[in-house]
Each structure stands twice: as structure tokens, then as C-alpha cells.
Amino acid sequence: MRMRYLAPFVLSAFFLASCGGSDNSSEKKDTSASSSNEAPVDNSMVKQGAAEAAASKGAGLIAQSDCLTCHKVDMKVVGPAYKEVAAKYEPTDANIAMLADKIISGGSGHWGEVPMQAHPNVTKEDATEMVKYILSLK
Ligand code: HEC
């Protein structure tokens with residue numbers, strides 16, 4: 001009984017596999033087309049992945065500094081959630097430089113009354129890494 005039911009399946013699977021060569025390749029094209037549809041997403045992931053090497057450096061720097069006292073990734077504490085910061089600013093060079101300067105010299109008025117204190121000990125390079133990490137958190 002089982003075999004009788006299975007046989008057509010096995011056979012058709014076999015036929016599909018053998019005769020459907022061209023079908024298969026068009027199917028493959030389809031899947032690659034659909035995955036290339038997702039490519040913008042994937043690419044951004046890759047870009048972020050590329051930035052992630054730097055980003056994880058930024059994450060480490062943030063962990064070593066006092067940032068996490070006032071910032072969490074996805075929750076407002078004293079300062080805005082890093083995800084909110086990421087949502088607000090495009091990761092352009094200008095924004096990265098501007099935010100890096102802000103970390104060093106402090107800032108206020110963008111998220112509320114509470115100012116962020118200055119971090120004169122943070123170098124511009126480190127601050128840039130931190131910002132790259134923060135803006136990768138979308
Ligand atoms: C004493 C609390 C505190 C600490 C510590 C702190 N921040 Fe902030 N941060 C804030 C507050 C408050 C704001 C919002 C300032 C504003 O409204 O412009 C802010 C804003 C920011 C912004 C967004 C600036 C803008 O203009 O939108 C970034 C980026 C940021 N902080 C990164 C950091 C990093 C990186 C560190 C660690 C080096 C750090 N913060 C440490 C309180 C803090």
C-alpha cells in the first residue's frame with residue numbers, strides 16, 4: 001500500500017529532477033532574483049557587517065567608557081536610546097563627525113533638557129568608532 005502511493009511521488013520527483021533541468025535553472029534564477037530583491041537589505045547588512053568590524057570596536061569603546069550609564073541600546077535612560085539616535089541620523093560622514101564632536105564636547109537640546117556631559121578624554125578617532133557603532137544599530 002505504502003509503496004503504491006510512494007512510487008508515483010518518487011517517480012515524479014525523479015522526473016522533476018531529471019527533466020526539469022531548464023525549469024530548475026529558471027527556478028534558480030527566480031530564487032536568485034528574489035534574493036537579489038532582498039539584496040538591498042542584504043547589502044545594507046553587509047555594509048553594516050563591514051562597519052561591524054569597526055562597530056564592534058565602537059561597542060567595546062562604549063563599554064569601556066561611561067556611556068552605558070546614560071545610554072542603552074533600545075531604551076531611553078538619561079540619554080536617548082542608541083537605536084533612536086541611529087533612527088534620527090543617517091550614517092553620513094558629516095553626521096558621524098558632528099556626533100563624534102558632540103561626544104567629546106558634550107551637547108544638549110536635541111533630545112530634551114538634560115545635557116550630555118563632555119568627554120574630553122575620548123579621542124576623535126574613538127568617538128568616531130563609537131558613533132559608527134551607534135548609527136549601525138538601526
Ligand atoms: C551623564 C549621562 C550621559 C553620558 C555618560 C553619556 N551620554 Fe550621550 N547623551 C546624554 C544625553 C542627556 C543626551 C541628549 C543630549 C541632547 O539632548 O542633545 C545624549 C546624546 C548623545 C548622542 C546624540 C547627540 C545628538 O546630538 O543627537 C550620542 C551619539 C551620544 N549621546 C553618545 C554618547 C557616548 C558615545 C557616550 C560615552 C562616551 C555618552 N553618550 C555618554 C547623556 C549621556
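Counting convention: from 1, in listed order, for ligands and their atoms alike.
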* Asked: Going by heavy atoms in the side chains, are H71 and M116 under 4.5 Å from each other?
  ->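 Counting from C-beta outward, H71 and M116 do come under 4.5 Å.
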
Do the side chain of [X] and the main chain of [Y] share a donor and acceptor less than 3.5 angstrom apart?
X: S65; Y: I62; answer: no
X: T92; Y: N95; answer: yes
X: K138; Y: A86; answer: yes
X: H119; Y: I103; answer: yes

* To do: First locate atom OH of Y89, then atom CG of L135, and finally report the distance between them rounded to the nearest 0.5 Å.
  =>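 Answer rounded to 0.5 Å: 9.0 Å.
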
* Distance, nearest 0.5 Å, that separates CD of Q117 from CG of D66 ->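 Reported to 0.5 Å precision, the distance equals 5.0 Å.
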
Suppose I only count heavy atoms of [X] and a 4.0 Å limit; which atoms of ligand 1 are within that range?
X: K102; answer: 24 (C), 25 (C), 26 (O)
X: M130; answer: 35 (C), 38 (C)
X: P115; answer: 12 (C)
X: G112; answer: 17 (O)
X: V78; answer: 12 (C)

* Write down the atom of K88, the atom of H110, and the distance for their closest heavy-atom approach. =>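 For K88 versus H110, the nearest heavy atoms are NZ-O, 3.3 Å.
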
* State, to 0.1 Å, how close V131 and A100 come at their nearest heavy-atom pair, and which atoms those are. =>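 Minimum heavy-atom contact is CG2-N, 3.5 Å.
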
* To do: Quick one: list whatever passes side-chain contact (heavy atoms from CB on, under 4.5 Å) with S105, sequence neighbours left out.
  =>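 If we apply the side-chain contact (heavy atoms from CB on, under 4.5 Å) test to S105, skipping adjacent residues, there are no hits.
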
Quick one: look up the protein heavy atom nearest [atom] and list residue, atom name and how far away it is.
atom: atom 41 (C) of ligand 1; answer: H119 CE1, 3.3 Å
atom: atom 18 (O) of ligand 1; answer: H110 N, 3.0 Å
atom: atom 11 (C) of ligand 1; answer: G79 CA, 3.6 Å
atom: atom 35 (C) of ligand 1; answer: I103 CD1, 3.3 Å
atom: atom 24 (C) of ligand 1; answer: L99 CD2, 3.6 Å
atom: atom 12 (C) of ligand 1; answer: V114 O, 3.2 Å
atom: atom 37 (C) of ligand 1; answer: C67 SG, 1.8 Å

Contact (N/O only, under 3.5 Å) between [X] and ligand 1:
X: D66; result: no
X: W111; result: yes
X: Y89; result: yes
X: Q117; result: no
X: H71; result: yes

* Asked: With respect to atom 22 (C) of ligand 1, which of Q64, M116, E84 exhibits the smallest heavy-atom separation?
  ->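 Looking at heavy atoms only, M116 sits closest to atom 22 (C) of ligand 1.
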
* **Residue selection (non-hydrogen contact nearest atom 2 (C) of ligand 1) among P80, C70, A86** =>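 When every heavy atom of P80, C70, A86 is considered, C70 comes closest to atom 2 (C) of ligand 1.
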
* For atom CD of E125, decide whether the heavy atoms of other residues, nucleotides or ligands shown that lie under 6.0 angstrom number more than 12. =>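 Result for CD/E125: open.
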
* **Salt bridge D101-K124, side-chain N to carboxylate O under 4.0 Å** =>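 Looking at D101 and K124, the cut-off is met.
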
